[in-house]
Protein chains: 2
Amino acid sequence: MRDRRPGGRPALSEERIVRCAVRLADAEGIDALSMRCIATELGSGTTSLYRHIAGKDELIELMVDAVYGEDAPPEAAPGPGGDWRTEMAGIARGLRAALLRHPWLAQQASRRPALGPNVLARSDRALAVAGRATGDATAAAMTVSAVMTYVLGSVTTELAEREARRTTGMTEEEWQESVGEYVRQVVDSGRYPHFNRRVLEAEERDAGARFTFGLDCLLTGLAAALGSG
Amino acid sequence: MRDRRPGGRPALSEERIVRCAVRLADAEGIDALSMRCIATELGSGTTSLYRHIAGKDELIELMVDAVYGEDAPPEAAPGPGGDWRTEMAGIARGLRAALLRHPWLAQQASRRPALGPNVLARSDRALAVAGRATGDATAAAMTVSAVMTYVLGSVTTELAEREARRTTGMTEEEWQESVGEYVRQVVDSGRYPHFNRRVLEAEERDAGARFTFGLDCLLTGLAAALGSG
DNA sequence: TACGCCATGCGTACACTGTTCCGATGTCGT
DNA sequence: ACGACATCGGAACAGTGTACGCATGGCGTA
């Protein structure tokens, strides 16, 4: 009855669905990602998707691993010439970039552990670098864990504000205005003296600067721990 | 028509609703938290809740600030006698404990920035400690940011596994079994040599040990950065 | 004491969600 | 040419957040 694509090749496929879902989640946010939405975008019936994926949970897992498999920026995979610190910093920046590219990714990190093949590949590269700093496999594993952990927390904090802005539909300026008003009110209450001091004296560094500062400190501490181990 | 509570005092209140919601979210997970569920638990109609809170979003914000306001464990607020490093470590452990006590809390951190009064109070205490390490307000702010960020990432990673176990209803052993099977399969593929090395050689440290290791390293690096600044 | 206002509670309804069931359709192997 | 089969998709179901409007009863005021 309906017109079908000539040749009978399937219009839907796991890969097409996942790619479309990633695109939609990037554009509209993970909350707005619904099966009906994906199907409409793909020009197919809603329930047809279930011929290729088991359910929404599995779909999200596939999405997560798919974006972890995106080409890492070149700085994340330099030749093995440099020292391990700059290389590890490169890997961290690459991970941060991936998490920032797909704001929903960090949210999923708190719901299920990422264990897909592409995630494992990233771990493998990081472990290789850490292995150059220490021969102790346990120490190397903990080093990688600490760095990944810091990156995740940093991006999460950074995205929280951005997401709040997006869902409320505020522009950067409106948001600043809104938060500024609230902060001023809190400062005037005088109950948080140190917070006041920060607001009044500290210059506002952007998220990138904060990320780099903390990462440098962490790597310094790791180097110290590994060197004396 | 219905029996009402004598004295006409309102049975519902924002505080009662928030407390109940926190209890339910702790017990059943944030996904199972629905308005109908809260109302049933409270013995009231579903839409009655909206007399006291604006909507689910606001409710969650209230929940977040409520648990941030829970009494911090004593170790988090020692007298100002000790050095700033151990005090900051105490604050970090206190934050970690709060996030672990309410597994849904870390998930919300990636959706909206925490700005409630109780959150600000915690920031204030941390800034006080950081201020003892450096006179530079900007440096102090970045130090606090780095520590909080690390804690959030660490707990997020830790909870991801726990949550996955809970939603699949697996016991610790079943989960280990399930993941172990998958890991063995990956190892046998031989595509991730460093990952293999970790699996084979590294001893498995629990989440608490990993947290402490990374935190110590971060604090070491921060001390170096602040000392030379 | 009697009246009316108004905060509070809540039943109904609506537009959504993910998912299961089952029928229709078209292609391919035999 | 015919039957098996994979693919597609409409209908239906249980569940969600919440807007609307009506009942109810306590309280301030006359």
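Here is how names work: the chains are called A, B, and so on, in the same order as the sequence lines, proteins then strands, and each is numbered from 1.
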Rounded to whole Å, how long is the line connecting atom [atom1] of [X] with atom [atom2] of [N]?
{"X": "A:I53", "N": "D:dC8", "atom1": "CD1", "atom2": "P", "value": "12 Å"}
{"X": "A:L49", "N": "C:dT17", "atom1": "CG", "atom2": "P", "value": "13 Å"}
{"X": "A:R16", "N": "D:dC8", "atom1": "CZ", "atom2": "P", "value": "10 Å"}
{"X": "B:D31", "N": "C:dG18", "atom1": "CG", "atom2": "P", "value": "13 Å"}

| task | Could you run through nucleotides 12-22 of chain D and give me one letter per nucleotide, 5' to 3': B if any protein heavy atom sits under 4.0 Å from the base, S if only the sugar-phosphate is that close, - if neither? | result | B---BBBB-B-
| said: Tell me whether the side-chain N/O atoms of A:S48 come closer than 4.0 Å to OP1 or OP2 in D:dC8. | reply: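 No, because none of the side-chain N or O atoms of A:S48 sits under 4.0 Å from OP1 or OP2 of D:dC8.
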| said: Taking only side-chain N and O atoms of B:H52, does any of them lie within less than 4.0 angstrom of OP1 or OP2 on C:dA7? | reply: no
| task | For B:A98, check side-chain contact (heavy atoms from CB on, under 4.5 Å) against everything at least two apart and list the hits. | result |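 Listed in chain order: B:R101, B:R122.
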| remark: For A:G190 and A:N196, the nearest pair of non-hydrogen atoms, with its separation, is CA-ND2, 4.3 Å
Please set out all donor-acceptor pairs under 3.5 angstrom arising from side-chain atoms of residues 174-181 of chain A, sequence neighbours excluded.
| residue | atom | partner | partner atom | Å |
| --- | --- | --- | --- | --- |
| A:E174 | OE1 | A:T171 | N | 2.9 |
| A:Q176 | NE2 | A:E172 | OE2 | 3.3 |
| A:E181 | OE1 | A:R184 | NH1 | 3.2 |

| Which of the following nucleotides, D:dG9, D:dC8, C:dG9, is nearest to the side chain of A:S44? | D:dG9
Who are the salt bridge (charged side-chain N to carboxylate O under 4.0 Å, His left out) partners of [X], not counting sequence neighbours?
{"X": "A:R19", "answer": "A:E15"}
{"X": "B:R51", "answer": "none"}
{"X": "A:R205", "answer": "A:E203"}

| query | Could you give all pairs that pass the salt bridge (Lys or Arg N to Asp or Glu O under 4.0 Å) test and reach residues 149-159 of chain A, with sequence neighbours left out? | reply |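 Output for this query lists A:R96-A:E158, A:E158-A:R162.
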Would you list the atom pairs, donor with acceptor, under 3.5 Å between side chains in residues 26-33 of chain A and any protein atom, with sequence neighbours excluded?
| residue | atom | partner | partner atom | Å |
| --- | --- | --- | --- | --- |
| A:D26 | OD1 | A:H102 | ND1 | 2.8 |
| A:D26 | OD1 | A:W104 | NE1 | 2.6 |
| A:D26 | OD2 | A:H102 | ND1 | 2.8 |
| A:D31 | OD1 | B:R111 | NH2 | 2.5 |
| A:D31 | OD2 | B:R111 | NH2 | 2.6 |

| said: Using C1' atoms of five pairs at each end, report the bend of the helix from C:dT1-D:dA30 to C:dT30-D:dA1 rounded to 10 degrees. | reply: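 Between the axes fitted at each end of the helix from C:dT1-D:dA30 to C:dT30-D:dA1 lies an angle of 10°.
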